[in-house]
Every structure is written in structure tokens, then in C-alpha cells.
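Some notes on the structure that comes next.
Since we're looking at a predicted model, the values are computed, not measured. Along the sequence shown, the residues carry numbers beginning at 1. Any value given below was found using the heavy atoms of this structure, including those in side chains, with hydrogens, waters and symmetry copies removed.
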Amino acid sequence: LPSELARRGARLCSGPKLAISQARWRERIRSRCSEPPACCSGCGGSGSSTPKYVAAGNTICAEQLTQLNRLSQPTTPEQAVTYLPQALAIMQRETTRLTALELPASKRAQFQAALAGTRQLAAVLHGVLHKLHSGLIEISAFAQVQAQSDALKAQIDAHLRQAGLARCAQ
């Protein structure tokens, strides 16, 4: 997580409902883009130039991260109900734009798996939003969602790295 998100530790929900940090919510929702890694795995080629799809993918992910960081971080369930649809819309736009990339045949399967995982993660977050609309989310439900989100996130990041889009992975 960028240091700005890590510094913020206010609680999203308090009391008998659910207690999670804003940073954890942001992590679940935000893009798969983060600070650039020291190297770009999967860039391939003997030349020093970056393949067109990698440069385009990095740009898409960086733009999405910027958009997500512009959103006010939720500190209450009510604010999360406003935040999640905006964040999900940004994720959807990113997925649509990434889908248009033309990857080499050797990278397509991993890329498609990453996109499928992103869609699954969005569905999980839609489920959280639905539960928030109902007025209460149980701690046990959040723990299950968090575990599912963590697993999906790890899979998505691995597929993105294998597809050559390491900067889109955290």
C-alpha cells in the first residue's frame, strides 16, 4: 500500500458491528497497481524497450490508482455505501480497458485468468455492498469475504506478473 493509505488507521465500522481499518477496505477495493517494482518481470525481449501492451497496461493501472486515490476514504458504513459503487465503477472501467490490450499469444491465458479473477473480486465487493445496504455485516461474514478477497488478489497478481504486467500487480 502507498504510505498515505498505510498511515490512515481510522475505523470503518465500530461498536458491535464490524471493525476494519480504512486501509484494509482500500486494499480490497483498489487497483492492482501500486508503486513500480524494482524490475519488470515478463517484459521479455533482448532490447531495452518495453512492449507496447506492457506500457499501455501500466498506464491504465496507474490512471485507475490515481482515480481511486481521489475518492474520499470511508470511515463509516454509510460512507462505504457511497464509496464502493464509485470504486467498483473505476475497477470496471479498468477491466474494460485492459481487455482491449493485445497481448502475445504466450501471455493471453494468464491475462485472461487475471481478468476473470478481477471480475470475481468485483462480485465479492458487490456482495459486501449489498450487505452494507441491508444495514449490518457480521464479523464472521467479513472474515469470510476478507479471506476470499485475499485469495483472489494473490491469484490475480500472480497471473498479471506471468502475463508481463508486473506493475499492475501489488
Side-chain angles (χ1 to χ4, degrees), residues 1-6 20-71 73-74 80 83-131 141-170:
L1 288 173
S3 59
E4 170 198 352
L5 296 176
I20 60 171
S21 69
Q22 287 181 7
R24 294 295 284 182
W25 268 102
R26 263 322 243 207
E27 183 179 332
R28 297 291 154 252
I29 298 164
R30 60 180 281 158
S31 77
R32 289 157 318 280
C33 301
S34 66
E35 297 174 20
C39 66
C40 180
S41 66
C43 290
S46 58
S48 62
S49 66
T50 302
K52 186 177 178 180
Y53 81 93
V54 172
N58 289 341
T59 299
I60 292 166
C61 292
E63 289 171 1
Q64 186 215 22
L65 179 61
T66 299
Q67 291 171 6
L68 284 170
N69 286 334
R70 285 184 191 144
L71 296 178
Q73 294 184 4
Y83 174 83
L84 280 169
Q86 294 172 348
L88 285 164
I90 293 168
M91 287 176 65
Q92 175 61 45
R93 284 191 300 271
E94 180 205 32
T95 301
T96 299
R97 290 179 65 201
L98 287 173
T99 301
L101 294 178
E102 294 185 29
L103 276 74
S106 62
K107 305 287 185 181
R108 281 189 205 128
Q110 293 298 327
F111 182 63
Q112 291 302 319
L115 292 175
T118 300
R119 289 180 187 107
Q120 287 178 312
L121 180 58
V124 168
L125 295 174
H126 276 290
V128 170
L129 180 60
H130 176 74
K131 289 177 182 178
F142 178 75
Q144 180 182 13
V145 166
Q146 186 165 346
Q148 188 177 12
S149 296
D150 287 344
L152 285 170
K153 179 84 177 75
Q155 291 171 6
I156 292 165
D157 288 350
H159 290 303
L160 286 169
R161 284 186 191 96
Q162 291 171 3
L165 295 169
R167 289 189 180 180
C168 287
Q170 291 185 12

Value rounded to 0.5 Å, distance of [atom1] in [X] from [atom2] in [Y]:
| X | Y | atom1 | atom2 | answer |
| --- | --- | --- | --- | --- |
| R119 | L115 | CZ | CG | 5.0 Å |
| L125 | L84 | CG | CG | 6.5 Å |
| R167 | T59 | CZ | OG1 | 9.5 Å |
| T66 | I90 | OG1 | CD1 | 10.0 Å |
| L68 | Q73 | CG | CD | 10.5 Å |
| Q67 | E94 | CD | CD | 9.5 Å |

Would you say that [X] contacts [Y] through its side chain, given a criterion of any heavy-atom pair below 4.5 Å between the two side chains?
| X | Y | answer |
| --- | --- | --- |
| R97 | E63 | yes |
| T118 | L98 | no |
| N58 | V54 | yes |

Nearest heavy atoms of [X] and [Y], plus distance in Å:
| X | Y | result |
| --- | --- | --- |
| A166 | R161 | CA-CG, 4.1 Å |
| G164 | K107 | N-CD, 4.4 Å |
| M91 | Q64 | CA-NE2, 3.4 Å |
| A122 | L88 | O-CD2, 3.8 Å |
| A55 | T50 | N-CG2, 3.9 Å |
| P104 | Y53 | CD-CE2, 3.4 Å |

| message | According to side chain to side chain donor-acceptor pair (under 3.5 Å), who are the partners of T96, at least two apart in sequence or on a separate chain? | response |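 T96 satisfies side chain to side chain donor-acceptor pair (under 3.5 Å) with Q92 once adjacent residues are dropped.
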
| field | Results of side-chain contact (heavy atoms from CB on, under 4.5 Å) for Q148 - residues two or more places apart only | value |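 Per chain and number, Q148 pairs via side-chain contact (heavy atoms from CB on, under 4.5 Å) with V124, L152.
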
